[in-house]
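Structure first, commentary second.
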Amino acid sequence: MGFVREIAGVTWVMLVDALGHGPKAAEAAALAVEAAEQFTAAFSVERAFALLHERLHGSRGAAAALLRFEATALSFAGVGNVELRTLAGPPIPYMATNGVLGARMPQPRVGEIELSEPGRALLFTDGIARGTPLHAMVGLDPELLCDTLIAKHSLERDDATVLHVAY
Ligand SMILES: [Mn+2]
């Protein structure tokens, strides 16, 4: 499930993928979104992950990537199997930490970069096939890019979510 929240000059972007599928997974994803609705501009990425972890306790658990945009800076981190690729602009050296929100969450590795120029990034869950040739699809219109990934590169055994972010 994708989530965007703009508050007091900060934009939060989250992609959450609950473990498994069905009603229990939907419940976990909904809990994550409820928690994310409480992120403020003062929250750090660490604090946001701590809140997600706490709220997901007792649920199926989830993986998530979190981006926190300010005017000229971006901080980011991920826990579990959610991917991020930079399509344009300053490279985002995203590397998720192994873990499950709600169950076991090591301290996420939070990165930060300056946003000196506009960029585009793509976040996607592990329902998108590994090795999908994203570089060959960068020129596509964002909506078509997302549609193509879901239609042609998603796995049968998992549900897939793709989030395109331009900044
Ligand atoms: Mn998944």
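Order of appearance sets the numbers: ligands from 1, and atoms from 1 within every ligand.
- Among the heteroatoms counted here (N, O or S) of Asp126, OD1 is the one nearest to the Mn ion (ligand 1).
- Taken to the nearest 0.5 Å, the CG atom of Asp159 stands 9.5 Å off from the OG atom of Ser154.
- Heavy-atom minimum distance, Val10 versus Glu70: CG2-CG, 4.0 Å.
- Taking backbone and side chain together, Asp158 holds an N, O or S atom under 2.8 Å from the Mn ion (ligand 1).
- In plain terms, the two heavy atoms of Ala18 and Ala29 that are nearest each other are CB-N, 4.0 Å.
- The atom name of the N/O/S atom in Asp17 closest to the Mn ion (ligand 1) is OD2.
- Side chain of His164 to backbone of Leu122: no donor-acceptor contact under 3.5 angstrom is found.
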